[in-house]
Structure formats: C-alpha cells, structure tokens
Asker: 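Here's a structure for you.
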Amino acid sequence: MPELPEVETVRRGLQPALESARLTSVEARRPDLRFPFPERFAERLTGARVEAVERRAKYLLMPLDTGETWVTHLGMTGRFSIERRGDAEAPGRFHNAAPAEDRHAHVLLETDGGARVTFFDARRFGYMGLIATAKLQAHPWFAGLGPEPLGPEFTAAHLLRRFAGRARAVKPLLLDQRIVAGLGNIYVSEALHRAGIDPRAAGGSVTPVRLKRLVEAVRAVLEEAIQAGGSTLRDFSNAKGELGYFQHRFRVYDRANAACPKPRCRGVTRRIVQGGRSTFYCPVCQR
DNA sequence: CCCACGACCTGTGGGC
DNA sequence: TGCCCACAGGTCGTGG
C-alpha cells in the first residue's frame with residue numbers, strides 16, 4: 001500500500017510509543033507474512049529496547065539494543081495501530097475492532113511504557129526481518145537500493161546516468177527502487193504530471209532540463225504528501241487511526257476522464273496500463 | 001542485461 | 001439485493 005509519504009507518516013506515529021521503549025511482550029500469531037518470520041522472532045524482540053524509529057525507502061527500521069534491527073515492510077496493506085494498555089477498544093476510531101479479534105492482526109507487542117502496538121496486514125504482502133545492525137547496509141533488502149528521493153543524491157545528474165540508454169518508459173523506471181527508492185504508483189504519476197513529462201517517454205530520451213523539473217516535482221509532491229499525513233485510499237491510516245488527506249490533492253491519480261487540473265490546459269486525463277499497473281496522465285500537457 | 005507478465009493474498013466497489 | 005469480475009498503495013521470480 002504505502003509509498004514513502006505513508007511510511008514516513010507511520011514512522012512518525014510509532015516514534016513516541018516505541019523509541020526508547022522496551023518490548024515487554026511480543027507475539028507473532030502466524031508463521032509468516034509474505035516471507036516466514038525470522039527464527040525465534042518473538043523471543044529475539046522480547047526484552048529488547050528500541051533505540052530509534054527510522055525509515056529507509058519504504059522500510060521501517062528499528063535498531064535495538066541487542067545489536068539487531070527490526071525491519072518492517074508494509075507491502076500493500078500493512079499498518080500499525082497503537083493503544084494505551086487498558087484503553088477501551090478505541091470506540092469511534094477508524095479502526096475499531098479489538099486487535100486480538102481481528103483475523104489480520106498478525107503481530108501484537110507491548111512496551112514498558114504502557115503502549116500496545118499491533119501490526120495488521122490483510123493481504124500479507126508485508127514482511128519483517130531481524131538483521132544484525134552492523135550488516136544492515138549489506139543485506140539484500142538494502143544493498144541495491146537507490147538514493148532517497150528527498151536526499152542530496154537524488155539529482156538530475158543521477159537520473160541522467162541511470163536512464164542513459166534505457167528504452168523503457170520513464171514511469172516504470174521511476175518505480176524501480178534501484179534507481180530511486182521510495183516512489184510508488186501514485187506519486188510517480190503525480191510527479192510526471194507536475195513535471196509535464198509523458199509517462200511513456202523512453203527514459204533515455206528525457207532531456208536534462210526535464211529531468212531537473214522531474215526531480216523538483218518528485219520532491220515537492222512527496223513533501224506535500226508527508227505534510228498532509230499521506231494518502232488514504234482504501235485503508236491507510238497512521239498509527240493513531242487518523243486518515244491522511246493527500247488523496248484530495250491528487251491531480252491525475254485515479255482521475256481518469258477528468259479535466260486536467262493544470263491551469264490553461266484543455267486536456268482530459270487518461271488511464272493507461274504500463275507493466276501491468278495503472279498510469280494516469282494528461283496527453284495534452286505531458287509530452 | 002532488459003523487459004513484460006504472472007504470482008502472491010484479501011477486500012471492495014462497480015456493473016449487471 | 002446479490003453475484004462476479006476487475007482492480008488495489010509492492011515486490012519477486014520466470015521466461016522470452
């Protein structure tokens with residue numbers, strides 16, 4: 001589900017409950033998500049102190065005082081909720097089922113600070129790992145990742161180098177986490193629209209000037225989305241059950257056959273399929 | 001290497 | 001109302 005802005009929103013929600021807290025109770029209620037849980041997963045987490053709550057690309061990273069880092073990828077539908085121990089079952093909230101009765105509540109944790117943290121994932125495309133912190137960067141999940149789109153290494157020069165000679169369309173190239181890490185289907189469509197670039201254009205054909213516009217558009221849309229608490233399509237919420245609202249500011253995503261929102265553009269937005277995934281764009285102002 | 005596609009899994013919304 | 005299909009924010013493996 002979540003792209004970088006949603007993962008960052010989750011990170012910010014988890015931080016107050018988990019950073020510096022000790023995990024007093026951990027239960028994995030099934031043997032696997034997308035992949036099997038690590039060996040003795042609950043035992044290795046129980047008693048550990050969480051030193052920080054960080055994000056790399058779409059991964060949540062929680063380095064522990066045991067020397068390992070607890071890594072979570074939310075996949076398409078993964079989410080966390082936080083309650084205070086002893087809370088009534090959060091009546092009236094977006095997610096109001098008691099976690100233990102929810103068939104998709106896969107990991108239950110408690111902290112010495114009195115928080116109950118639950119991980120849900122209906123489709124189970126998410127996954128968790130425990131990786132030696134000193135070897136994190138060399139781990140296959142991280143070794144090949146491209147730069148953070150909000151970091152200093154994500155530049156027009158970087159894209160120029162990585163797109164050179166590529167016949168593949170720019171849209172699927174931007175979804176490749178080895179080129180830039182954290183974008184997904186929504187924000188790629190949004191950034192290409194803002195930059196006025198045709199998603200079908202061959203990567204290697206995009207000029208440096210346009211790549212610079214693209215880099216700026218990616219940064220802008222991600223920053224605005226983080227500011228808005230991410231986007232809520234079907235079921236995304238932050239850890240407190242609050243909805244993101246950036247979906248109201250989509251310019252093209254999920255808006256096929258609507259008037260292009262760009263000032264003075266007379267185009268109508270279209271939905272096409274690239275690499276099996278929907279792309280939304282305006283054929284008039286994206287060339 | 002490059003690329004498109006199916007697979008993984010469940011839920012939901014729209015059309016009939 | 002009810003059923004069925006298409007599609008969903010992500011990646012990974014396969015095969016051409």
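We name chains A, B, ... by the order of the sequence lines, and we start the count at 1 in each one.
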Asker: Are any non-hydrogen side-chain atoms of A:V107 and A:T118 less than 4.5 angstrom apart?
Answerer: no
Asker: Would you indicate whether the side-chain heavy atoms of A:E224 and A:R249 approach each other to under 4.5 Å?
Answerer: yes
Asker: Are the side chains of A:N185 and A:K171 in touch, meaning some heavy atoms are under 4.5 Å apart?
Answerer: yes
Asker: Using the C1' atom as the reference point in each nucleotide, state the distance between B:dT12 and C:dT11 in Å, no decimals.
Answerer: 22 Å
Asker: Tell me if the CD atom of A:E39 is crowded by more than 12 foreign heavy atoms within 6.0 Å.
Answerer: no
Asker: List for me each residue that meets side chain to side chain donor-acceptor pair (under 3.5 Å) alongside A:T66, sequence neighbours excluded, and say none if there are none.
Answerer: none
Asker: Can you name the residues that form a ring-ring contact (aromatic ring centres under 6.0 Å, His included) with A:F125, not counting sequence neighbours?
Answerer: none
Asker: Check if the side chain of A:R123 and the base of C:dA8 share a donor-acceptor pair of N or O atoms closer than 3.5 Å.
Answerer: yes
Asker: A side-chain contact here means heavy atoms from C-beta on lying under 4.5 Å apart; do A:R34 and A:R123 qualify?
Answerer: no
Asker: Could you measure between the two C1' atoms, the one in C:dG9 and the one in B:dC3, and give it in whole Å?
Answerer: 23 Å
Asker: Give me the residues of residues 160-185 of chain A where at least one heavy atom lies under 4.0 Å from an atom of DNA chain B, by number, or none.
Answerer: A:R166, A:A167, A:R168
Asker: If the condition is side chain to side chain donor-acceptor pair (under 3.5 Å), which residues does A:R49 pass it with, not counting sequence neighbours?
Answerer: none
Asker: Which residue pairs pass the ring pair (Phe, Tyr, Trp, His ring centres under 6.0 Å) test with at least one member in residues 258-287 of chain A, sequence neighbours excluded?
Answerer: A:Y253-A:F280
Asker: Looking at C:dG10, I'd like to know if its phosphate oxygens (OP1 or OP2) sit under 4.0 Å from a side-chain N or O belonging to A:R277.
Answerer: yes
Asker: Quick one: which of C:dA8, C:dG9, C:dG10 gets closest to the side chain of A:S278?
Answerer: C:dA8
Asker: What donor-acceptor contacts under 3.5 angstrom involve side-chain atoms of residues 147-156 of chain A, with partners at least two apart or in another chain?
Answerer:
from: A:E148; atom 1: OE1; to: A:R55; atom 2: NH1; distance (Å): 2.9
from: A:E148; atom 1: OE1; to: A:R55; atom 2: NH2; distance (Å): 3.3
from: A:E148; atom 1: OE2; to: A:R56; atom 2: NH1; distance (Å): 2.9
from: A:E148; atom 1: OE2; to: A:A57; atom 2: N; distance (Å): 2.5
from: A:T155; atom 1: OG1; to: A:A157; atom 2: N; distance (Å): 3.4
from: A:T155; atom 1: OG1; to: A:H158; atom 2: N; distance (Å): 3.0

Asker: Does A:P261 have any side chain to side chain contact (heavy atoms under 4.5 Å, CB included) partners at least two apart in sequence or in another chain, and if so, which?
Answerer: A:H193, A:R251
Asker: So which nucleotide from C:dG9, C:dA8, B:dG11 ends up closest to the side chain of A:A122?
Answerer: B:dG11
Asker: Report all interatomic pairs (protein N or O, nucleotide N or O of nucleotides 14-16 of chain C) with separations under 3.5 Å.
Answerer:
none

Asker: Who passes salt bridge (Lys or Arg N to Asp or Glu O under 4.0 Å) against A:R168, sequence neighbours left out?
Answerer: none
Asker: Can you tabulate the close N/O pairs, meaning under 3.5 Å, that link protein atoms to atoms of nucleotides 14-16 of chain B?
Answerer:
none

Asker: Which ILVMFWY residues are connected to A:F35, directly or by a chain of links, through side-chain heavy atoms under 4.5 Å apart?
Answerer: A:Y59, A:L61, A:V71, A:Y127, A:I131, A:L136, A:W141, A:F142, A:L145
Asker: State which of C:dT11, C:dC7, B:dT10 makes the closest approach to the side chain of A:R271.
Answerer: C:dC7
Asker: Determine which bases of DNA chain B form Watson-Crick or G-U wobble pairs with both distances under 3.5 Å, and write the result as a 5' to 3' dot-bracket string with | for other-strand partners.
Answerer: .|||||||.|||||||
Asker: Between C:dC4 and B:dC9, how far apart are the P atoms? Round to whole Å, please.
Answerer: 22 Å
Asker: Looking only at side-chain N and O atoms, does A:K58 come under 4.0 Å of OP1 or OP2 in C:dG10?
Answerer: yes
Asker: Counting distance alone, no hydrogens or angles: does the base of B:dT10 have a donor or acceptor under 3.5 Å from a partner atom on the side chain of A:R124?
Answerer: no
Asker: So does A:H104 get a side-chain nitrogen or oxygen closer than 4.0 Å to the phosphate oxygens (OP1/OP2) of B:dC9?
Answerer: no
Asker: Do A:E6 and A:S231 make a side-chain contact, defined as non-hydrogen atoms from C-beta onward lying under 4.5 Å apart?
Answerer: yes
Asker: Of the candidate nucleotides C:dG9, C:dC7, B:dG11, which contains the atom at the shortest distance from the side chain of A:R103?
Answerer: B:dG11
